[in-house]
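A single structure is presented below for examination.
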Amino acid sequence: MSQPLSRYTHPFDVARHPTLEPEVKRAILASWASDAGAIPNQPALRHPEDLEQPVPVDDVLAALQALDGDRVALPRH
């Protein structure tokens with residue numbers, strides 16, 4: 001990928017990106033959903049090292065669902 005991951009601050013930024021291929025979006029979001037990014041004692045949050053702020057794992061999963069064609073509204077954040 002030609003752009004650094006740190007350019008994306010939220011899962012919906014990835015899901016909405018107009019030029020990223022769906023496979024790339026899924027790979028980014030799957031890495032963010034990984035337990036490796038879980039915050040100790042806060043299982044609902046993920047903080048991958050390429051993000052400045054933690055994000056709710058529910059948002060990551062919702063963004064993945066949207067890519068799979070589920071009718072999930074991508075809220076503005």
Side-chain angles (χ1 to χ4, degrees):
M1 178 178 354
S2 63
Q3 301 167 354
L5 292 178
S6 61
R7 177 171 188 240
Y8 310 104
T9 59
H10 196 273
F12 301 126
D13 294 339
V14 176
R16 287 189 192 108
H17 197 281
T19 60
L20 286 178
E21 294 293 325
E23 304 82 35
V24 173
K25 292 177 181 184
R26 281 188 187 86
I28 293 168
L29 293 170
S31 73
W32 289 4
S34 166
D35 286 343
I39 297 175
N41 302 317
Q42 295 185 31
L45 294 177
R46 296 293 187 269
H47 195 201
E49 58 186 57
D50 51 327
L51 293 183
E52 289 185 26
Q53 299 293 322
V55 295
V57 72
D58 287 344
D59 286 356
V60 178
L61 297 176
L64 280 166
Q65 285 179 324
L67 292 176
D68 290 336
D70 294 347
R71 295 192 178 262
V72 175
L74 297 177
R76 295 192 175 268
H77 60 276

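The analysis underlying the following values was restricted to heavy atoms, covering all of them including side chains, and did not include hydrogens, waters or symmetry mates.
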Where do V55 and T9 come nearest, in terms of heavy atoms and distance? CG1-O, 4.0 Å
Would you mind listing every salt bridge (Lys or Arg N to Asp or Glu O under 4.0 Å) that reaches into residues 26-36, with sequence neighbours excluded? R26-D68, D35-R46
L61: side chain to side chain contact (heavy atoms under 4.5 Å, CB included) partners, not counting sequence neighbours: A33, V57, L64
Taking side chain to side chain contact (heavy atoms under 4.5 Å, CB included) as the test, write out the residues that go with E21, two or more places apart. E23, V24
Approximate separation, where rounding is to 0.5 Å, of Q53 CD and L45 CG: 11.0 Å
K25 to H17 - nearest heavy-atom pair and separation: NZ-O, 2.8 Å
For side chain to side chain contact (heavy atoms under 4.5 Å, CB included), just list the numbers for D50 and Y8, CA-CA rounded to whole Å, side-chain angles, deciding distance to a tenth of an Å, and then say yes or no. CA-CA 9 Å; D50 51 327; Y8 310 104; over 6 Å; no
D59 (side chain) donor-acceptor with P56 (main chain) under 3.5 angstrom: no
Does any N or O in the side chain of H47 come within less than 3.5 Å of the main-chain N or O of E52, such that one atom is a donor and the other an acceptor? yes
For a quick test of reading the model, state the closest non-hydrogen atom pair linking P22 to L67 and the distance between them. O-CD1, 4.5 Å
